[in-house]
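For this chain, numbers begin at 1 and follow the sequence in order.
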Amino acid sequence: MLGAWGIIFGGLFFSHFLSSLPDVNNLMVSGPSQDITILDDRGRQIARRGLTQGQMVKAEELPDYVTNAFVAIEDRRFRHHLGVDPIGLVRAATTNMMAGRVVQGGSTLTQQLAKNLFLSPSRTYERKVQEAMLALYLESRYTKSQLLTLYLNRVYFGAGVYGIEAASQKFFGKHASELGLTEAAMIAGSVKAPARYNPIADTDASLTRARIVLRAMQDAGFIDEETRSMAQATRPRIVHVTGTPGAGWFADWIVSRLRDHVADTTEPIIVETSFDLETQTLAERAVTRRLGAEGDALNAGQAALVAMTPDGAVRAMVGGRNYGASTFNRATDALRQPGSAFKPFVYLAALEHGHTTDETINDAPIDIKGWKPTNFEGRFMGEIPLIEAFARSSNSAAAQLTAEVGPKVVARTARRLGIASPMMEVSSLALGTSGVTPLELTGAYAPFANGGIGVEPFGILRVRTKAGKTLYERKAPGHDAVMSVGDNIQMTRLMMEALATGTGKAGRLEGRDSAGKTGTTQDFRDAWFVGFSADLVTGVWIGNDNNSPMVKATGGGLPARIFKTFMETASQNIPPRPLIGTTLVASAERVIAPDAPEPQDGGKENPDAFQRILSGLFGG
């Protein structure tokens, strides 16, 4: 009777665990994740994304020493037990008891597979029972070769990859079937502590662990002493990505843009970009050193920098202080108020409505329906030329110009040049109260640098499969003028003056034409400097993620110094050239038809003439 009741209660006990076991059918079906290799403009790898699990590789297709390396170090009796190894459990318990601590586990390779596939990492009694029962169940459904195949293709090896094919590609740049003995030992050894022992994280630690694997293989009879000695003397070539620590921000941005250009595919693809590793290194260095030296005193916790050519090709992107600490890309995703860095759009709208840089404006207190903007230092300068009002960043002048042409016109002008974020069409827009990202603000300055041609910032030049099939290739868009030649000339003059005598003096480049604008928001929450030479357009932002105020940080301070440091080092091997706006004067006088109509709201001033000017300047 007791035996019968024991069977009943035993059945109920095990049925509780059996009922919660997952379905183990179709485990052999596995699709690869997308493998994306990102190259800079010289074909150097800067990042690899998407390779989290490679194509499933059968255990029998691998060299024997590859599978034996895992068996030797993880479960030497794998080919003989039924999923749970009583001998191994006793041996582990004895070893641990003699050591006085847990130094050896008793889980079989099949139990590890069950845990990795289905179970939580918690160390509860219930989970251990489920693990053992699931291991027995897997052994009853699959052959040893199939179980080894599942294990090798599902286990985590560190550096973000699962499966031996992905690990082999990530660490050694080859297929799993091409692994050498030492490489196989390094990969097998990384399973114990993937973050510590994977070859990319610490090659020396990985090799030390591999020696333990090789010794286990010799003890198990898989290799002889001579083979082990030769393998230990071998140091495989590890594939190290040549990208900089902060190149991850650009790589993340590229991956997010891929779907705009190519359809989803399981084929490995290669993305050729406009990025330049040297330029990125200089950008990261400028941000890190300057922010490290001055950031604490200003209570400035973060910074962002975007550098592009005047046609919108992104050359460098720094999305924060440290990519390892925070992958959030402040260059592309942080909406921050630009402050006075928005004023070029106000002045362009004013120029398009008949104002000139030499006319005077009264820098004095104003009242616009109850809104009373004040200047940065609280002082007003009275009657001053418009160019001086811009250079000294007069809030009163910008508010007056916006009130005259209308906030809607100013917003429309900003959108035409590339500001895509929503803007409130109110009077305070004159002072940059609507949020923008550093990428879009820098891109909106590019037309000032290139002669008035609208651009859309881009990074992807070409996408192809590893087999060489082109999936996407960027075509140069047709020239689309977003401002007249005359207005571009005047805007260049305004922005050069801001660096020569105004708020941006700290950002002026030595021995090279430069122009730009500073920006500082209320309570010093954001500080900007966006400027350009004939070769690069660069935007710099500093602030705090929680929008807390800084300590009197202005755009003419740290951001201007970051800009100057970066631009001078990035351009040191480029011969200085005059800004396009300064070279257009004579060409415009010769080419523009005298009866060309003045644009009222973004119209082009004689576009055919504009094209002829650009053709003459750039050789077509």
Side-chain angles (χ1 to χ4, degrees), residues 51-54 57 59 62-79 85 88 91-92 95-96 98-99 101-113 115-116 121 148 151-241:
L51 183 64
T52 55
Q53 183 176 330
V57 179
L62 299 171
D64 288 342
Y65 55 77
V66 174
T67 53
N68 287 339
F70 287 87
V71 171
I73 195 64
E74 291 297 324
D75 184 5
R76 196 171 299 180
R77 286 176 40 80
F78 169 70
R79 295 185 174 97
D85 184 12
R91 183 179 63 247
T95 302
N96 294 336
M98 293 178 64
R101 57 190 178 90
V102 178
V103 296
Q104 190 176 105
S107 294
T108 65
L109 194 148
T110 313
Q111 285 175 276
Q112 293 180 45
L113 174 63
K115 178 178 65 177
N116 290 336
L148 200 52
Y151 179 83
L152 293 175
N153 286 278
R154 301 300 180 90
V155 72
Y156 181 60
F157 290 102
V161 294
Y162 293 80
I164 192 169
E165 178 66 16
S168 181
Q169 292 276 0
K170 181 87 172 184
F171 303 148
F172 305 111
K174 59 177 66 175
H175 294 295
S177 60
E178 301 169 337
L179 288 170
L181 175 56
T182 310
E183 294 165 337
M186 292 174 77
I187 288 182
S190 68
V191 173
K192 178 179 177 65
R196 179 182 176 188
Y197 291 130
N198 82 75
I200 290 178
D202 190 333
T203 303
D204 291 336
S206 179
L207 284 167
T208 300
R209 175 67 178 163
R211 294 189 188 101
I212 298 174
V213 176
L214 291 168
R215 175 66 69 179
M217 293 179 72
Q218 181 185 348
D219 293 343
F222 295 138
I223 57 174
D224 56 30
E225 184 174 357
E226 181 181 359
T227 303
R228 178 186 62 79
S229 298
M230 291 178 61
Q232 283 191 183
T234 302
R235 189 179 180 92
R237 184 183 69 86
I238 310 300
V239 176
H240 289 286
V241 174

Separation between [atom1] of [X] and [atom2] of [Y], rounded to the nearest 0.5 Å:
| X | Y | atom1 | atom2 | value |
| --- | --- | --- | --- | --- |
| L109 | R79 | CG | CZ | 9.5 Å |
| I200 | S190 | CD1 | OG | 10.5 Å |
| D224 | M217 | CG | CE | 11.0 Å |
| I238 | D202 | CD1 | CG | 11.0 Å |
| L181 | T234 | CG | OG1 | 8.0 Å |

[X]: side-chain contact (heavy atoms from CB on, under 4.5 Å) partners, not counting sequence neighbours:
| X | answer |
| --- | --- |
| A195 | none |
| A167 | F157, V161, F171, I187 |
| S206 | M186, P199 |
| R228 | L214, R215, Q218, I223, E225, Q232 |

Closest heavy-atom contact between [X] and [Y]?
| X | Y | value |
| --- | --- | --- |
| R196 | A201 | O-CB, 4.5 Å |
| G180 | Y65 | C-CE1, 3.6 Å |
| A188 | I73 | O-CG2, 4.2 Å |
| A69 | A184 | CB-O, 4.2 Å |
| P236 | L207 | CD-CD2, 4.1 Å |
| S168 | L179 | OG-CD2, 3.3 Å |

*Give a yes or no on whether the backbone of D64 and the side-chain of T67 come within a donor-acceptor separation of less than 3.5 Å.*
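Judged by distance alone, yes, a pair lies under 3.5 Å.
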*Would you say the side chain of L152 lies within less than 4.5 Å of the side chain of L62, judging by non-hydrogen atoms?*
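A side-chain contact under 4.5 Å exists here.
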_With heavy-atom distances below 4.5 Å as the criterion, would you say the side chains of K192 and R209 are in contact?_
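They are in contact (side-chain heavy atoms under 4.5 Å apart), so the answer is yes.
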*Residues that R235 engages under salt bridge (Lys or Arg N to Asp or Glu O under 4.0 Å), provided they are two or more places apart*: D204
*Kindly assign one of parallel, tilted or perpendicular to the pair F70 and Y151, based on the angle between their ring planes and the thresholds 30° and 60°.*
perpendicular
Can you name the side-chain hydrogen bond (donor to acceptor under 3.5 Å, both in side chains) partners of [X], sequence neighbours left out?
| X | value |
| --- | --- |
| E74 | Q112 |
| T208 | none |
| N198 | none |
| R211 | none |

*Listed by chain and number, what are the ring-ring contact (aromatic ring centres under 6.0 Å, His included) partners of F172, not counting sequence neighbours?*
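F172 satisfies ring-ring contact (aromatic ring centres under 6.0 Å, His included) with no residue once adjacent residues are dropped.
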*asked:* Run the side chain to side chain contact (heavy atoms under 4.5 Å, CB included) test on E183 and K174 for me, step by step, so that the C-alpha distance in whole Å, both residues' side-chain angles and the decisive distance to 0.1 Å come before the verdict.
replied: CA-CA 11 Å; E183 294 165 337; K174 59 177 66 175; 3.1 Å; yes
*Please walk me through it: do I164 and V66 pass side chain to side chain contact (heavy atoms under 4.5 Å, CB included)?*
CA-CA 10 Å; I164 192 169; V66 174; 3.6 Å; yes
*Can you list every pair that meets ring pair (Phe, Tyr, Trp, His ring centres under 6.0 Å) and has a residue in residues 173-223, with sequence neighbours left out?*
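Found none.
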